[in-house]
Amino acid sequence: MWNPPDPDAFYAEVYEVVRQIPEGRVSTYGWVASLIPPPEGSDPEQYRRLGARWVGTALRSLGDPSVPWHRVINGQGKISLPAGSSSAQTQRRRLQAEGVAFGADDRVDLSQFGWPATDESD
DNA sequence: CGTTTGACTACGC
DNA sequence: CGCGTAGCCAAAC
């Protein structure tokens, strides 16, 4: 089982990865967790699932404006924050300002705006 | 210091 | 494809 030796370090890596998200692109909690170097002996699948929560927890108490947290959404390609919340509206507006298109369900096409891009050559 | 919740995700129905 | 449940662990109360 994955036991984070340094939670602070994990959060720092989360912020680092989030900062690496280019403008006009979005990523998911699971992806961010996957991008972070997982400890040896831990299953990537398990790691991704668990990491997603730590990523969210890390961003929840995040107070660093230099981290583009608004580019981080859930695996459904939607803003995890409650629709109507000031944070959610700010996040969506910021993404739209960067060129990220939202669907009818307020969903973002990860195949197009998702980062890191897999299908797109980038 | 014990209890509850949570910026998630996968699986079952 | 939507809702409910299970799992994980740290932060908030």
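Here is how names work: the chains are called A, B, and so on, in the same order as the sequence lines, proteins then strands, and each is numbered from 1.
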Quiz item: Out of curiosity, A:I73 CD1 to A:D106 CG, how far, rounded to the nearest 0.5 Å?
Solution: 11.0 Å
Quiz item: In whole Å, what is the span from the OH atom of A:Y15 to the C1' atom of B:dA7?
Solution: 12 Å
Self-check item: Separation of B:dA7 C1' from A:Y29 OH (nearest whole Å)
Solution: 3 Å
Quiz item: Any idea which of C:dA12, B:dT9, C:dA10 is nearest the A:N74 side chain?
Solution: B:dT9
Practice problem: In whole angstrom, give the distance that lies between atom CG of A:L81 and atom P of B:dG6. | Solution: 12 Å
Exercise. Can you tell me the distance, in whole Å, between the CD atom of A:Q46 and the C1' atom of C:dG7?
Key: 8 Å
Exercise. Please report, rounded to the nearest Å, how far the P atom of C:dC8 is from the CZ atom of A:R49.
Key: 9 Å
Quiz item: Are more than 12 heavy atoms from other residues, nucleotides or ligands located less than 6.0 Å from atom CZ of A:R19?
Solution: yes
Quiz item: In whole angstroms, how far is the P atom of C:dC9 from the OH atom of A:Y11?
Solution: 13 Å
Practice problem: Tell me what A:S61 touches on the nucleic acid: a base, only sugar-phosphate, or nothing, going by heavy atoms under 4.0 Å. | Solution: sugar-phosphate
Quiz item: Any idea which of C:dA10, C:dA11, B:dT9 is nearest the A:W54 side chain?
Solution: C:dA10
Quiz item: A:Y47 OH to B:dA10 C1': how many Å, rounded?
Solution: 18 Å
Quiz item: Within the distance-only criterion (no hydrogens, no angle test), does the side chain of A:T28 pair as donor or acceptor with the backbone N or O of A:W31 below 3.5 angstrom?
Solution: yes
Quiz item: Could you give the CD-to-P distance, from A:Q76 to B:dT9, as a whole number of Å?
Solution: 7 Å
Practice problem: Start with the C-alpha distance between A:R48 and A:E45, add both sets of side-chain angles, then the distance that settles salt bridge (Lys or Arg N to Asp or Glu O under 4.0 Å), and finish with yes or no. | Solution: CA-CA 5 Å; A:R48 188 196 316 179; A:E45 302 179 43; over 6 Å; no
Quiz item: If you find the nucleotide of DNA chain C closest to A:D105 and the one closest to A:R53, which residue's nucleotide is nearer the 5' end?
Solution: A:D105
Exercise. Looking only at side-chain atoms of A:T28, point me to the closest of B:dG6, B:dT9, B:dA7.
Key: B:dT9
